Amino acid sequence: MKLLSKSFFARNTEQVARELLGKILVHKNFRGKIVETEAYFGTGDPASHAFKGPTHRSKVMFGPPGRAYVYFTYGMHWMLNVVTETDGKPGAVLIRALESGLNTNGPAKLTKAFGITGKLNGIELTKRGFCILDSKDKPEIASSKRIGVSKDLNRNLRFYIKGNSFVSKNGSRFKVADEATRNKV
DNA sequence: GCCTCGATTGACT
DNA sequence: GTCAATCGAGGCA
């Protein structure tokens, strides 16, 4: 299977977030299918770390695409993102859940299970050992608002594979509410 | 330097 | 449903 190239990531963040679903994340001897993502822009997105310009933490989002943006939060959790857009333009896709043999149905759970830490921040995801493999999967995509953000945009920027049981616990909770709302309408 | 809060999770009532 | 854990980044003085 071929690796996703840099050009795959050098596009609109929302587009990349959608197309990452069904792809295979590889780290060392671990691998898992991406089943849930969220898009984070820069300017104009108050939920993004890049909103107020580049900082020590968020500068990776402003760099070249196809790199990992790994950051630490809540004093105990690592989050894995993939940098998108062209060099100099901020954007990233949060990997929220993987389908694997491990317990990876959550953004902090998958980094723990795969041994992903801040050491990988800024590393290119287009090399063997830490990369994303292409897939011919054409999953049915569903969307909702993002999870756990206090200042979200009025848009659905979370994407997940419809019906997949490996989506995050928080995401499932949200998905139920999302579908309930939809059914009501 | 000091203070607040977070792109979460799991344990507990 | 509610809440503590736990620490670095970012905001402010």
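Per chain, numbering begins at 1; letters A, B, ... match sequence-line order. Note that the structure is predicted; figures quoted are calculated from it, not measured.
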Asks: Quick one: Met61(A) CE to dA9(C) P, roughly how many Å, whole number?
Replies: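 After rounding, the reported distance stands at 16 Å.
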
Asks: With a non-hydrogen cut-off below 4.0 angstrom, is Arg146(A) in contact with a base, only sugar-phosphate, or nothing?
Replies: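 No contact at all - Arg146(A) keeps every heavy atom at 4.0 Å or more from the nucleic acid.
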
Asks: The side chain of Thr55(A) lies closest to which of these nucleotides: dA7(B), dG10(C), dG11(C)?
Replies: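 The answer is dG10(C).
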
Asks: Separation of Tyr74(A) atom OH from dA7(B) atom C1', in whole Å?
Replies: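 In whole Å, dA7(B) C1' and Tyr74(A) OH are 7 Å from each other.
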
Asks: If each of Asn103(A) and Ser48(A) is mapped to the nucleotide of DNA chain B with the nearest heavy atom, which maps nearer the 5' terminus, i.e. the 5' end?
Replies: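 Going by which nucleotide is closer to the 5' end, it is Ser48(A).
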
Asks: Please assess His27(A) against Phe130(A) for the test ring pair (Phe, Tyr, Trp, His ring centres under 6.0 Å), listing each intermediate value before the final yes or no.
Replies: CA-CA 4 Å; His27(A) 180 229; Phe130(A) 191 31; 5.1 Å; yes

Asks: Nearest whole Å is fine: how far is dC7(C) C1' from Arg57(A) CZ?
Replies: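 Distance, rounded to whole Å: 12 Å.
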
Asks: When rounded to the nearest Å, what value does the distance between C1' atoms of dG10(B) and dG8(C) take?
Replies: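 Their C1' atoms lie roughly 22 Å apart.
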
Asks: Between dG6(B), dA7(B), dT9(B), which one does the side chain of Tyr71(A) approach most closely?
Replies: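 Of the options given, the side chain of Tyr71(A) lies nearest dA7(B).
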
Asks: Where the side chain of Arg96(A) is defined as all heavy atoms beyond and including C-beta, which of dT8(B), dG6(B), dG10(C) is the nearest nucleotide?
Replies: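 Ranking dT8(B), dG6(B), dG10(C) by closest atom to the Arg96(A) side chain puts dT8(B) first.
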
Asks: Separation of His56(A) atom NE2 from dG10(C) atom P, in whole Å?
Replies: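 Rounding to the nearest Å, NE2 of His56(A) and P of dG10(C) are 8 Å apart.
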
Asks: Taking CE from Met79(A) and C1' from dC7(C), how many angstroms apart are they, rounded to a whole number?
Replies: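 One finds 14 Å between C1' of dC7(C) and CE of Met79(A), rounded.
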
Asks: Using atom C1' of each nucleotide, how far apart are dG1(C) and dA7(B) to the nearest Å?
Replies: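 Those two atoms are separated by 23 Å.
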
Asks: How many angstroms lie between CZ in Phe114(A) and CD1 in Ile95(A), if you round to the nearest 0.5 Å?
Replies: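 CD1 of Ile95(A) is found 11.0 Å from CZ of Phe114(A).
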
Asks: Which nucleotide wins on minimum distance to the side chain of Ile147(A), given the candidates dA7(B), dT8(B), dT9(B)?
Replies: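 Output: dT8(B).
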
Asks: Between Arg158(A) (CZ) and dT8(B) (P), how many Å, whole number?
Replies: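 That distance rounds to 11 Å.
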
Asks: How many angstroms lie between atom NZ of Lys33(A) and atom CD1 of Ile132(A), to the nearest 0.5 angstrom?
Replies: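 One finds 14.5 Å between NZ of Lys33(A) and CD1 of Ile132(A).
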
Asks: Any link between Met61(A) and Leu94(A) through a network of hydrophobic side chains (Ile, Leu, Val, Met, Phe, Trp, Tyr) touching at under 4.5 Å?
Replies: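 Same hydrophobic cluster.
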
Asks: Under the 6.0 Å and 45° cation-pi test, does Arg146(A) pair with Tyr40(A)?
Replies: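 The answer is yes, since Arg146(A) meets both limits relative to Tyr40(A).
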
Asks: Does dT9(B) have its OP1 or OP2 closer than 4.0 Å to a side-chain nitrogen or oxygen of Asn170(A)?
Replies: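 Answer yes for this pair, as a side-chain N or O of Asn170(A) is under 4.0 Å from OP1 or OP2.
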
Asks: Counting just side-chain N and O atoms, does Lys151(A) come under 4.0 Å of either OP1 or OP2 of dG6(B)?
Replies: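 No, because none of the side-chain N or O atoms of Lys151(A) sits under 4.0 Å from OP1 or OP2 of dG6(B).
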
Asks: With respect to the side chain of Met76(A), which nucleotide from dA7(B), dT6(C), dG6(B) is positioned closest?
Replies: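 So the nucleotide nearest the side chain must be dT6(C).
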
Asks: Using whole Å, what does the distance between atom C1' of nucleotide dG10(B) and atom CG of Asn105(A) come to?
Replies: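 Between C1' of dG10(B) and CG of Asn105(A): 12 Å.
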
Asks: Determine which bases of DNA chain C form Watson-Crick or G-U wobble pairs with both distances under 3.5 Å, and write the result as a 5' to 3' dot-bracket string with | for other-strand partners.
Replies: |||||.||||||.

Asks: Return the orientation label for the His49(A) and Tyr69(A) ring planes: parallel under 30°, perpendicular over 60°, tilted otherwise.
Replies: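 Rings of His49(A) and Tyr69(A): perpendicular, over 60°.
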
Asks: Just to be sure I understand the rule, does Ala47(A) reach a base, reach only the sugar-phosphate, or reach nothing, if contact means heavy atoms closer than 4.0 Å?
Replies: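 Here Ala47(A) touches the bases of the nucleic acid.
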
Asks: Side-chain heavy atoms under 4.5 angstrom apart, residues restricted to Ile, Leu, Val, Met, Phe, Trp, Tyr: same cluster for Leu80(A) and Leu120(A)?
Replies: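 Yes; Leu120(A) is reachable from Leu80(A) via cluster members.
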
Asks: Report yes if at least one side-chain N or O of His77(A) is closer than 4.0 Å to OP1 or OP2 of dG6(B); otherwise report no.
Replies: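 For His77(A), the contact criterion (side-chain N or O under 4.0 Å from OP1 or OP2 of dG6(B)) is not met.
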
Asks: Using the P atom in both, what is the distance from dT6(C) to dC2(B), to the nearest Å?
Replies: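 Each nucleotide's P atom is 22 Å from the other's.
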
Asks: Would you say Phe72(A) stacks on dG8(C), if stacking means ring centres under 5.5 Å apart and planes within less than 30 degrees?
Replies: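 Here the ring of Phe72(A) and the base of dG8(C) are not stacked, as the 5.5 Å and 30° limits are not both satisfied.
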
Asks: Per the side chain to side chain donor-acceptor pair (under 3.5 Å) rule, which among Arg96(A), Lys109(A), Arg158(A) passes with Ser168(A)?
Replies: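 Answer after filtering Arg96(A), Lys109(A), Arg158(A): Arg96(A).
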
Asks: Within the structure shown, what part of the strands sits under 4.0 Å from Lys169(A) by heavy-atom distance: base, sugar-phosphate, or nothing?
Replies: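 Touches nothing.
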
Asks: Checking contacts here: which listed nucleotide (dG10(B), dA9(C), dG6(B)) is nearest the side-chain heavy atoms of Ser150(A)?
Replies: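 From the listed options, dG6(B) comes nearest.
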
Asks: Expressed in angstrom and rounded to an integer, what is the separation of Lys145(A) atom NZ from dA7(B) atom P?
Replies: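 From Lys145(A) NZ to dA7(B) P: 17 Å.
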
Asks: Given the rule that I, L, V, M, F, W and Y join up when any side-chain heavy atoms are under 4.5 Å apart, are Met79(A) and Val149(A) in one cluster?
Replies: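 Result: yes, single cluster for both.
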
